[in-house]
Amino acid sequence: MHIYGLTGGIASGKSTVSRQLERLGCPIIDADLISRQVVEPDTAAWRAIIGTFGVQVLNDDRTINRPLLGSMIFSDDEKRHTLNAITHPYIQYRMLWLLLKYFILGKSFVVLVTPLLFESSRFLKFMKMVIVVNCTEEQQLERLMSRDGLTEEEAMKRISSQMPLSTKCRRAQFVIDNTGERGQAEQQALHLFNNMKRMSLFCGLYKWICAALVLTLVIFYAVYF
Ligand SMILES: CC(C)(COP(=O)(O)OP(=O)(O)OC[C@H]1O[C@@H](n2cnc3c(N)ncnc32)[C@H](O)[C@@H]1O)[C@@H](O)C(=O)NCCC(=O)NCCS
Ligand SMILES: Nc1ncnc2c1ncn2[C@@H]1O[C@H](COP(=O)(O)OP(=O)(O)OP(=O)(O)O)[C@@H](O)[C@H]1O
């Protein structure tokens, strides 16, 4: 099974691209979604967060107050590292299970959508290819402020808590340009999906041909020697 990494900067358009891939039938493992599941009330990560950040980070229904926790960790590097140290092992463990599930289901490829792929993912070395969704820093800032209702200062802190998008693009094998209309990024996602399908089909065929060759040699050896 081929594992592809989809990453980018905060609000650069990862979800926009991954939604399109999902619509096309691509198996997706989304780290942001998992990061919500692992901190549901009464889970181990939820308890550790309360133990570290206090009960003030809870809503009335005992779920984590994400905007509040976000404002705490994006203005304090130490707190951010602490939260990462609590949540990341649970997130990666769950991702591993989902990878196993897709493998058992016989999927030929899967896309891992991980914002911190270069910063902290253990799966990087197992990836066939890393795809980065790119846009300008001005667009990132504008989109982040309007989506999450943040001030310019708050949005800048979030952007600078991650590896610069330009560095991520340099390290990627494929870059999706999301500086234009959403439809243009979706078109590139379609092109990417077709390439992933072709590549997995080719590798599948290659493996079957190799297996057939080995079998032929074994039979030949058994019959003539
Ligand atoms: C800080 C939290 C509570 C904010 O929640 P919120 O719902 O507002 O944002 P959401 O989870 O949708 O994340 C939005 C984006 O923020 C960025 N981001 C999130 N956590 C981090 C982090 N620890 N460091 C840098 N960027 C981050 C990512 O680009 C992500 O796509 C939440 O992001 C969290 O629990 N983060 C720690 C877990 C983590 O690292 N998640 C990222 C995926 S591995
Ligand atoms: N090409 C585009 N033109 C205008 N707005 C866009 C475009 N692409 C994405 N957006 C908007 O920008 C915001 C961020 O996009 P999206 O949620 O896809 O980014 P993301 O990288 O997944 O963000 P995060 O890192 O926070 O998870 C969303 O409100 C989205 O609707």
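Ligands are counted one by one from 1 in listed order, and the atoms in each one are counted from 1 as well.
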Distance under 4.0 Å to a non-hydrogen atom of Pro115: what atoms of ligand 1 satisfy this? 28 (C), 29 (O), 30 (C), 31 (O), 43 (C)

Please work out whether any backbone atom (N, CA, C, O) or any side-chain heavy atom from C-beta onward of Leu116 is under 4.0 Å from ligand 1, and answer side chain, backbone, both or neither. side chain

Mind checking whether Leu117 and Ile131 sit in one hydrophobic cluster, side chains of I, L, V, M, F, W, Y counted as touching below 4.5 Å? no

Tell me which protein heavy atom sits closest to atom 26 (N) of ligand 1, plus the residue, atom name and distance to 0.1 Å. Gln162 NE2, 2.9 Å

Relative to the heavy atoms of Arg80, which atoms of ligand 1 are at a distance of less than 4.0 Å? 23 (N), 24 (N)

With distance as the sole test, does Asn59 use its side chain to make a donor-acceptor pair with the main-chain N or O of Ile64 at under 3.5 Å? yes

Note: ligand 1 atoms sitting under 4.0 Å from heavy atoms of Asn84 are 22 (C), 23 (N), 40 (O)

Any donor-acceptor N/O pair, Gln188 side chain to Gln184 backbone, under 3.5 Å: yes

Any chain of hydrophobic side-chain contacts (each under 4.5 Å) joining Leu98 to Leu96? yes

Which one of Asp32, Ile91, Leu144 has a non-hydrogen atom at the shortest distance from atom 14 (C) of ligand 1? Asp32

Report yes or no: does Pro67 have a heavy atom closer than 4.0 Å to ligand 1? no

Check this for me - ligand 2, Asp32, N or O atoms closer than 3.5 angstrom, yes or no? yes

heavy-atom search around atom 10 (P) of ligand 1 in the protein gives Arg36 NH2, 3.8 Å

If you scan protein heavy atoms around atom 3 (N) of ligand 2, the nearest is Arg143 NH2, 3.4 Å

Looking at ligand 1, is there an atom of it that comes within less than 4.0 Å of some heavy atom belonging to Thr114? no

For Gly8, is the nearest heavy atom under 4.0 Å from an atom of ligand 2? no

Shared ILVMFWY cluster between Ile176 and Met127, side chains joined below 4.5 angstrom? no

May I ask you to decide if Cys135's main-chain N or O and Asn178's side chain share a donor-acceptor pair within less than 3.5 Å? no

Measure the CD1-CZ distance between Ile10 and Arg147 for me, rounded to the nearest 0.5 Å. 6.5 Å

Tell me, which protein residue and heavy-atom name are nearest atom 33 (O) of ligand 1, and how many Å apart are they? Arg66 NH2, 4.0 Å

Cluster link Val132 to Leu144, ILVMFWY, side chain under 4.5 Å: no

Closest to atom 18 (O) of ligand 2 among Val17, Thr16, Val133, Ile159 (heavy-atom distance): Thr16

Would you say Thr43 and Glu40 are linked by a side-chain donor-acceptor pair, where the criterion is simply a distance under 3.5 Å? no

Going by the atom numbers of ligand 1, which of them fall below 4.0 Å from some non-hydrogen atom of Thr87? 37 (C), 38 (C)

Quick one: does ligand 2 sit under 4.0 Å from the side chain of Arg182, the backbone, both or neither, non-hydrogen atoms only? both

Just which atoms of ligand 2 are under 4.0 Å from any heavy atom in Gly9? 21 (O), 25 (O)

To which protein heavy atom is atom 35 (O) of ligand 1 closest, and what is the distance rounded to 0.1 Å? Leu83 CD2, 3.8 Å

For atom 18 (N) of ligand 1, what is the closest protein heavy atom, and at what distance to 0.1 Å? Phe74 CZ, 3.7 Å

Do me a favour and list the nearest non-hydrogen protein atom to atom 19 (O) of ligand 2 with residue, atom name and distance? Gly13 N, 3.1 Å

For atom 24 (P) of ligand 2, which candidate among Ser15, Ser12, Ala11, Ser18 provides the closest heavy atom? Ala11

Tyr4 and Leu192: CA distance, side-chain angles, deciding distance, side-chain contact (heavy atoms from CB on, under 4.5 Å) verdict: CA-CA 11 Å; Tyr4 293 91; Leu192 172 72; 5.9 Å; no

Smallest heavy-atom separation, Gln20 atom then Glu186 atom, equals NE2-O, 3.3 Å

Protein heavy-atom partner closest to atom 25 (C) of ligand 1 - residue, atom, separation in Å: Ser161 OG, 3.5 Å

So which heavy atom in the protein is nearest atom 8 (N) of ligand 2, and how far is it from that ligand atom? Asn178 ND2, 3.0 Å

Return the residue, atom name and 0.1 Å-rounded distance of the protein heavy atom closest to atom 39 (C) of ligand 1. His88 NE2, 3.6 Å

Using a plain distance cutoff, I'd like to know if Ile10 has any nitrogen or oxygen under 3.5 Å from a nitrogen or oxygen of ligand 2. no

For ligand 2, is there an atom lying under 4.0 Å from some heavy atom of Gly180? yes

Using modelled atom types only, decide if a donor and an acceptor are shared between the side chain of Gln139 and the backbone of Thr179 within a distance under 3.5 Å. yes

Mind listing the side-chain donor-acceptor pairs of residues 100-116 below 3.5 Å, one per line with the distance, residues two or more places apart or on another chain?
unit_1, atom_1, unit_2, atom_2, d
Ser108, OG, Ser200, OG, 3.4

Has Glu119 got any heavy atom lying under 4.0 angstrom from an atom of ligand 1? no

Look at atom 26 (O) of ligand 2 and find which of Arg147, Gln162, Gln184, Lys14 reaches it with the closest heavy atom. Arg147

Per-residue contact class, Glu181 against ligand 2 - non-hydrogen pairs under 4.0 Å: backbone

Any carboxylate oxygen within less than 4.0 angstrom of a Lys/Arg side-chain nitrogen, looking at Asp42 and Arg62? yes

Quick test: of every protein heavy atom, which one is nearest to atom 16 (O) of ligand 1, and how far off is it to 0.1 Å? Ile10 CD1, 3.3 Å

What part of Ile73, side chain from CB on, backbone N/CA/C/O, both or neither, has a heavy atom under 4.0 Å from ligand 1? side chain

Are Ile34 and Tyr90 side-chain neighbours, meaning at least one heavy-atom pair lies under 4.5 Å? no

Return all side-chain donor-acceptor pairs below 3.5 angstrom for residues 208-225, not counting sequence neighbours, or 'none' if the list is empty.
unit_1, atom_1, unit_2, atom_2, d
Thr216, OG1, Ala212, O, 2.6

So Asp30 and Lys14, side-chain contact (heavy atoms from CB on, under 4.5 Å) or not? Walk me through it. CA-CA 10 Å; Asp30 183 339; Lys14 296 178 296 295; over 6 Å; no

Determine whether Trp46 and Met72 fall in the same hydrophobic cluster, where Ile, Leu, Val, Met, Phe, Trp and Tyr are linked whenever their side-chain heavy atoms lie under 4.5 Å apart. yes

